[in-house]
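Some notes on the structure that comes next.
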Amino acid sequence: MDELELNEQQLIRRDKAAELRGLGVDPYPARLPWQRTHTAAEAIAAYERGDLPEGQPITLVGRLLTLRLMGKAAFAHIEDGSGRIQIYVKRDVVGETFYNTVFKRLIDLGDFVALTGAMFTTRTGEITCQVTEMALISKTMNPLPDKWHGLKDTETRYRQRYVDLLANTEVRAVFRTRARIIAAIRRYLDGNGFLEVETPVLQPIYGGAAARPFTTFHNQLGQELFLRISFELYLKRLLVGGYERVYEIGRDFRNEGISFKHNPEFTQLEFYEAYTDYHSMMRRVEEMLVAIAREVAGGLAITYGGHEIDLTPPWRRITMRDAIRETTGIDYTNYPDVAALAEAMRAIGHQPEPRSSRGKLIDSLFSTHVEPALIQPTFIIDYPIEISPLAKKKAADPTTVERFEYFIGGLELGNAFSELNDPDDQRARFVALREVLADDDENIHPLDEDFLNALSYGLPPTGGFGTGIDRLTMLFTDRSSIREVILFPHLRSVTG
RNA sequence: GGGCCCGUAGCUCAAUUGGCAGAGCAACGGCCUUUUAAGCCGUGGGUUGAAGGUUCGAUUCCUUCCGGGCUCACCA
């Protein structure tokens, strides 16, 4: 550690560690001096139940968080994984040498301690452990953030999440909720006959979404590989293989801009169900979200961004055409060519990107004027075919596909289709897409011949669905940025 | 990538029109045996993100760079 530049407080703590060693106290002992008998929460609950009579010794462990030193006695709070508990340390009880030298001078806020003592209630009514013996079990070399304000600096919170977590209990709660959401999803899908599977993260050909991939290289094979941008094409192969219901929860990687709702790697849930279509998928999504909400929100009413949201099914279903017509007055079916639609958009003050396809214009109209207002749960159904190459056409209208996205709190949360299972149509769509993309983008998607081959062996009529776990977590924890629900969000590396 | 905003002590934040860089918590020394944002007395702690410029004088104004936030673009 030669080149470490230590500040005053770090130097003092190192001196204290050295002094402890001089006294024969290891600041990082290999094991606890006493076996822990209770967590903080268990000790308080047991005392409240009357299971811990006055004087019965217990052993607690935890991090020292606050200290109120009053001469020959002190109150403090320690915190373990279950919560906080107050402790009371009296010089007469723990001994003068320990109290004056170790406790008062050499143990700091932030240090981990073990202690034995008995429970009692203070004059002000707080359940407290009166310490008879205490030992340092791990020394902290940095001061903790402000005990009242916590750690606020956004950059430090993300770069040093461990400090954020230890200082801000509400941040720990967010990631507990995230885990409960994922557990609820698994429980729901497992309980409904879905098989959890794992498909390749490293793929020779990427597909299933319109995103730029990260590329990597297998040295021994001399092969370029892509980090997956979706699971879709692999999961549908599994339905060809005979599984009727499959799902995967895992990481997707997209080499694109970062925003409050985009992280380069994010967690996705996709599930596919044979012998259904997008209408059944809507009912499944409602049912699954209800299961999650009951689990993590205790009911179907949640608050997001100051809005009261009611998740009670059935949710509103409206076609993209009607949704756009309702808010902008533009019925895009009246403008079959790109130029006319762009002109109509300019007439309402919208400035369309010059070289957009018709599908992109419609999408842009939608995301600008409709999406932000979709606060209550809403299915937007029936999308333009140009922006939906993996969805089945509507029988009555070949310009439109059987697809929905669902929105809650103004957030786009997920996407689903009646899966396109005609191999020839699928090939035609891939080819058309390639031409569109090659036109305005260097990002040319390779044709996945093996996927087309799989379709040629027969994919049953299938409903498929994908949703972002990170955004779901934003919804259920009322966070406005995806970085608040990813433990270690991607940040630019610090160079200078 | 574009636009706007931000970066001051370990943490949270001040600093008037360009005029001696401060407070609370934390730290250090002392008093205090039921406190809880404990209290009281005292002390130390700064490359004001970095580099350059303007000026008698820059935390403050200008330029470039680094990092972050919001936003736009991108995201079938």
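Naming: A, B, ... by sequence-line order, numbering from 1 per chain.
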* To do: Give the rounded distance in Å between these two atoms: CD of A/E371 and P of B/U71.
  => 13 Å

* Describe the nucleic acid contact of A/Y88 in one word from base, sugar-phosphate, nothing, applying a heavy-atom distance below 4.0 Å. => base

* Please check if any side-chain donor atom of A/E412 sits under 3.5 Å from a side-chain acceptor atom of A/Y406, or the reverse. => no

* Structure fact -> Side-chain atoms of A/T154 come closest, of B/C74, B/G68, B/A27, to B/G68

* Asked: Which one, B/U34, B/C11, B/G10, comes nearest to the side chain of A/Q9?
  -> B/G10

* Only one of A/K394, A/R403, A/K393 clears side chain to side chain contact (heavy atoms under 4.5 Å, CB included) with A/I385; which? -> A/K393

* Within the pair A/R492 and B/G68, is there a side-chain N or O less than 4.0 Å away from OP1 or OP2? -> yes

* Asked: So do A/L115 and A/I87 actually touch side chain to side chain, heavy atoms under 4.5 Å?
  -> yes

* To do: Using a 4.0 Å heavy-atom cut-off across all strands, classify A/T122 as base, sugar-phosphate, or nothing.
  => base

* So what's B/G46 paired with, Watson-Crick or G-U wobble, going by both distances under 3.5 Å? -> none

* Structure fact -> Of A/K152 and A/F120, the one whose nearest nucleotide on RNA chain B sits closer to the 5' end is A/K152

* Asked: Which base sits across from B/G52 as a Watson-Crick or G-U pair, both distances under 3.5 Å?
  -> B/C62

* **Side chain of A/N7 - closest among B/G69, B/A37, B/G10** => B/G10

* Any A/K90 side-chain nitrogen or oxygen under 4.0 Å from OP1 or OP2 of B/U35 -> no

* **Most 5' of A/F417 and A/R13 on RNA chain B, judged by nearest nucleotide** => A/R13

* Selection from B/G10, B/C28, B/U33 that lies nearest to any side-chain heavy atom of A/I12 -> B/C28

* To do: Using modelled atom types only, decide if a donor and an acceptor are shared between the side chain of A/E248 and the backbone of A/E232 within a distance under 3.5 Å.
  => no

* Atom NE2 of A/H149 and atom P of B/A23: how far apart are they, to the nearest Å? -> 16 Å

* **C1' atoms of B/A27 and B/C65, separation to the nearest Å** => 35 Å

* Structure fact -> Across every strand shown, the nucleotide meeting Watson-Crick or G-U wobble geometry with B/G1 (both distances under 3.5 Å) is B/C72

* Tell me, please, whether A/F75 has A/R68 positioned over its six-membered ring: NZ or CZ under 6.0 Å from the ring centre and within 45 degrees of its axis? => no

* Structure fact -> A/E405 CD to B/C75 C1', in whole Å, measures 11 Å

* For the pair A/R254 (side chain) and A/A210 (backbone), establish whether a donor and an acceptor sit closer than 3.5 Å, ignoring hydrogens and angles. => no

* To do: Determine the Euclidean distance between corresponding C1' atoms of B/U54 and B/C20; express it in Å to zero decimal places.
  => 22 Å

* Donor-acceptor pair present, A/Q86 side chain and B/U35 base, under 3.5 Å -> yes

* **For B/A15, the Watson-Crick or wobble partner whose two distances fall under 3.5 Å** => none

* Asked: Counting only side-chain N and O atoms of A/R68, is one of them less than 4.0 Å from OP1 or OP2 of B/U34?
  -> no

* Nearest of B/U33, B/C75, B/G68 to any side-chain atom of A/K360? -> B/C75

* Asked: Of all the choices, B/U34, B/U12, B/C25, which nucleotide is nearest to the side chain of A/M70 once you look at every atom?
  -> B/U34

* Asked: With sugar-phosphate meaning primed atoms plus P, OP1 and OP2, does A/K104 contact a base, only sugar-phosphate, or nothing at under 4.0 Å between heavy atoms?
  -> nothing

* **Donor-acceptor under 3.5 Å (A/D80 side chain, A/G83 main chain)** => yes

* Would you indicate what A/G359 reaches in the nucleic acid, counting non-hydrogen atoms under 4.0 angstrom: base, sugar-phosphate, or nothing? => nothing

* If the P atom of B/A15 is compared with that of B/C72, how far apart are they to the nearest Å? -> 31 Å

* Between B/G39 and B/G24, how far is it from one P atom to the other, in whole Å? -> 11 Å

* Asked: Does any nucleotide pair with B/G57 by Watson-Crick or G-U wobble geometry, both distances under 3.5 Å, and what is it?
  -> none

* Asked: Once you round it to whole Å, what is the distance between P of B/C11 and CG of A/L65?
  -> 18 Å

* Asked: Is any side-chain nitrogen or oxygen of A/K147 closer than 4.0 Å to OP1 or OP2 of B/A26?
  -> yes

* Considering every strand shown, what is the Watson-Crick or G-U wobble mate of B/C25 when both distances are under 3.5 Å? -> B/G10

* Asked: How is A/L491 classified with respect to the nucleic acid when contacts are heavy atoms under 4.0 Å: base, sugar-phosphate, or nothing?
  -> sugar-phosphate

* Nucleotide nearest A/R159 when distance is taken to its side chain, options B/A37, B/C70, B/G67 -> B/G67

* Please state the C1' separation for the pair B/G49 and B/C66 - nearest whole angstrom. => 7 Å

* Span that lies between the P atom of B/G7 and that of B/C75, in whole angstrom -> 34 Å

* **Short N-O contact, A/D277 and A/K392, less than 4.0 angstrom** => no

* **B/A37 to B/A26 separation - C1' atoms, rounded to the nearest Å** => 13 Å

* **Nearest-angstrom distance, P atom, B/C13 to B/U8** => 10 Å

* Over-ring placement of A/R237 relative to A/Y234, 6.0 Å and 45° cut-offs -> yes

* Answer with base, sugar-phosphate or nothing: what part of the nucleic acid does A/D153 contact at a heavy-atom distance below 4.0 Å? => sugar-phosphate

* **Donor-acceptor pair under 3.5 Å, A/H262 side chain vs B/C75 base** => yes

* Mind calculating the distance between CD1 (A/I258) and P (B/C72) to the nearest angstrom? => 16 Å

* Asked: Looking at the side chain of A/D146, which of B/G67, B/U33, B/C25 is the nearest nucleotide?
  -> B/C25

* **Atom-to-atom span, CZ of A/R479 to P of B/C70 - whole angstrom** => 14 Å

* Counting heavy atoms from C-beta on, name the nucleotide in B/G44, B/U33, B/C11 closest to the side chain of A/P145. => B/C11

* To do: Mind calculating the distance between CD (A/E126) and C1' (B/U35) to the nearest angstrom?
  => 9 Å

* **Separation of B/C25 P from A/E8 CD (nearest whole Å)** => 16 Å

* Give the nucleotide from the list B/C74, B/U33, B/G68 with an atom nearest to the side chain of A/K72. => B/U33

* To do: Give a yes/no answer on whether the side chain of A/K261 brings an N or O atom under 4.0 Å of OP1 or OP2 in B/C75.
  => no

